[in-house]
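Both ligands and their constituent atoms are indexed starting at 1 by order of listing.
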Amino acid sequence: MMVLTRKMIEIRSILQKVGQTGVLQLPSIVVIGSQSSGKSSVLEAIVGHEFLPKGSNMVTRRPIELTLINTPDSPIEYGEFPALGLGRISDFTQIQRTLTDLNLAVPEADCVSDDPIQLNIYSPTVPDLSLIDLPGYIQISAHDQPEELKGKIAALCDKYIQAPNVILAISAADVDLANSTALRASRRVDPRGERTIGVITKMDLVDPERGSTILRDRNYPLRLGYVGVVCRTPSSKLGFLGSKNVNISNAISKNENAYFGAHPEFAAPDSQLTVGTQNLRKKLMTVLEQTMALSLQSTSDAIHQELEEATYEFKVQYNDRPLTAETYLAESLDKFKHSFKNFTEHFGRPQVRQLLKHELDQKVLDLLASRYWNKPLGEDKSRSRLDERPLSELPNADSESLFWHRRLDASTSSLTKLGVGRLATNVVANALTQHMDRLVSESTFKEHPFAKQAIQEATNAILNERFYSTSDQVENCIKPFKFEIEVDDREWAQSRENAQRLLKEELKACEEALKNMKTTIGGKKLGQVMTFVDKIRQGEHADVKEGTEAFGFSQALLQKGREGVFLRDRADLIKMRLMALKSKQCANLANKYHCPEIFMDVVAEKLTSTAVLFLNVELLSEFYYNFPRELDNRLGRHLSIQQVEAFAREDPKIRKHIDLQKRKELLELALEKMESLMALEKSKKQAQGTA
Ligand code: GDP
């Protein structure tokens, strides 16, 4: 049993995950040969399946790192491309297709690429081996192949045939060995023939005597020797094996045995020649095992060195703080829930109340404007409807005046019937959504589009689910106010203050807007155009139409003038109403028809208080209860390992941290395996010594 190779292959697969750093490469058998030398046939004979790309156009353009793993306990044969994550492929024609595709993906202009394809093959009939198949040397570039291709292939092969790799140099028996490109290349890097195995293919194409002479080559003697093979695959091309998935190694061996057995040059007990693919396999196993044993110390040193660097970096950069995708997600979730909890404590009934009241205040202002304030201030010639009364009449109006009674009732009814349920629910839902966005932007999740989306979706899901029932409930509960509004003295006094505050704010806004216009247009110019607009309104310049220029005032300036006049008039009107509200008349609840601003505020207050009660129960509390659960559903236990990993890797800083930690762990694992392997080898040697 070749324990060492097997264990080293295991370590190699760990090191592959660490990332190719060159220093961590373990010795492999590198297969080189000219095109058509029979290189593919040899590899396929070893594997027992046709799986390499075939075709007249140069099909091997990338190195194939082929790892063979012996699985004595399982009859199933399959391949795996670890870097592609395609899973097990037990159809070898599919492996062949995949390899062809991967090779053809190298652009024609680049000819070859040194990015290796990793392929593992598991089978009870393969030995544990790691082989690297390289593009075949070409002699003369074909018309459709660029001239530099020849050089590029040679350079790629040179890179791989360096020590400590073993070179498997393939040459065909029917070509003079002196002309073998493979042997010449290997001679350059291994002049004393210490780590080269010569494979002579197509032994059946030369007569046995010449064949046996080749295997005894004295010109380039190899310590590991020459092996003669007849590898022409009795393949599907010949039709007698049927499916490509049938293992062909036996058939090849039989064929070889028949050939070599029939010729005393090879078969004689004293021939001392190595022939046949079975013997080649054995030789490869032994040689690789020995090479691996020799490289144990240097590989272990290299891993050690890498590990030290990774450990140091981990300490310096991350203060040895362990981090995995799972713990990162769990920590982020905890932190987010904590900030959410904190938010819920600061966003409750009082805040909702304030939001909603503000919204209704704006509606009250709109209604006051449309039903009271936009009515002419004084006697106006353009007034046509008889039932219109100027607002200036209101303070002195008869308290039984049907006109002002109707006006207030209509305004109140507009307020109670504007769809308070929907409006209130919307205001709170929007506020919650905005707050959630803010919480995300202040959290670690801000770097994670996936989590951001999950939180948005969780928020929307709960709010959407509650929206209609909440808005219906609120609407139902404010229903009584649509019919009757009872006011007491305390409420009236409170609303009198509120209304004054509201009007003062509005006044301030008007005055500020007017001031801004003055600064941008210039006080004098604005004054002139406003005087002009006033004149128009008083009936002068009847020919001046809106949207045209007149008397040297541009259309835009005239528009500004109209805005200025509007703001000035609105400010005057509000000042007048503020005086009214301050007057004794408005101190008395009995005069409600004279003080619509106060009464409207009473209504807005009542609507707010009632709505808040239900919003708190139906929307806020529900949201606060459900959100953490919904979050767990979307970002917690239901994510797959891959999703958690993908989530954590979205943040480049976290990705670096996790990668370094993983690298460190893998190196530790590799080193541990390496050390136990070395201990095993040592005890084996000691046992051999004492035996
Ligand atoms: P590669 O280009 O070096 O990979 O060569 P292939 O393995 O594709 O072989 C080239 C040709 O030689 C194919 O037609 C094979 O069938 C044939 N071939 C390979 N090995 C032998 C052999 O041992 N004997 C004979 N007669 N033909 C062989």
**Item:** Subset of ligand 1 atoms that lie under 4.0 Å from at least one heavy atom of S34
**Value:**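 Those atoms are 3 (O).
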**Message:** Using a 4.0 Å cutoff against the non-hydrogen atoms of S40, which atoms of ligand 1 qualify?
**Reply:**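 This gives 1 (P), 4 (O), 7 (O) as the contact atoms.
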**Prompt:** What is the ring orientation for F266 with F260, classed by angle as parallel under 30°, tilted 30 to 60°, or perpendicular over 60°?
**Reply:**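 F266 and F260: perpendicular rings.
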Any side-chain heavy-atom pair of [X] and [Y] under 4.5 Å:
X	Y	answer
I170	V31	yes
E313	L660	yes
I214	M203	no

**Prompt:** Got a salt bridge between K664 and E306, using NZ or NE/NH1/NH2 to carboxylate O under 4.0 Å?
**Reply:**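 Salt bridge absent between K664 and E306.
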Check: [X] N/O within less than 3.5 Å of ligand 1 N/O:
X	result
L205	no
M203	no
K54	no

**Request:** Only heavy atoms count here, so choose which of S41, S36, A45, P135 is nearest to atom 19 (C) of ligand 1.
**Result:**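 Going through S41, S36, A45, P135 one by one, S41 has the nearest heavy atom to atom 19 (C) of ligand 1.
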**Item:** Proximal candidate to atom 18 (N) of ligand 1 [heavy atom criterion; set K39, E50, K202, Q35]
**Value:**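 Of the listed residues, K202 has the closest heavy atom.
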**Message:** In this structure, does ligand 1 have an atom that sits under 4.0 Å from one of the heavy atoms of S37?
**Reply:**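 Within the 4.0 Å threshold, so yes.
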**Item:** D204, portion touching ligand 1 at heavy-atom distance under 4.0 Å
**Value:**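 The answer is the side chain.
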**Prompt:** For the residue pair H657 and Y328, is the inter-centroid distance of their aromatic rings smaller than 6.0 Å?
**Reply:**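 Not close enough - the centres of the two rings lie 6.0 Å or further apart.
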**Message:** Show, in sequence, the C-alpha distance, side-chain angles and deciding distance for Y78 and H49, and conclude whether the ring pair (Phe, Tyr, Trp, His ring centres under 6.0 Å) test is met.
**Reply:** CA-CA 10 Å; Y78 62 92; H49 289 276; over 10 Å; no
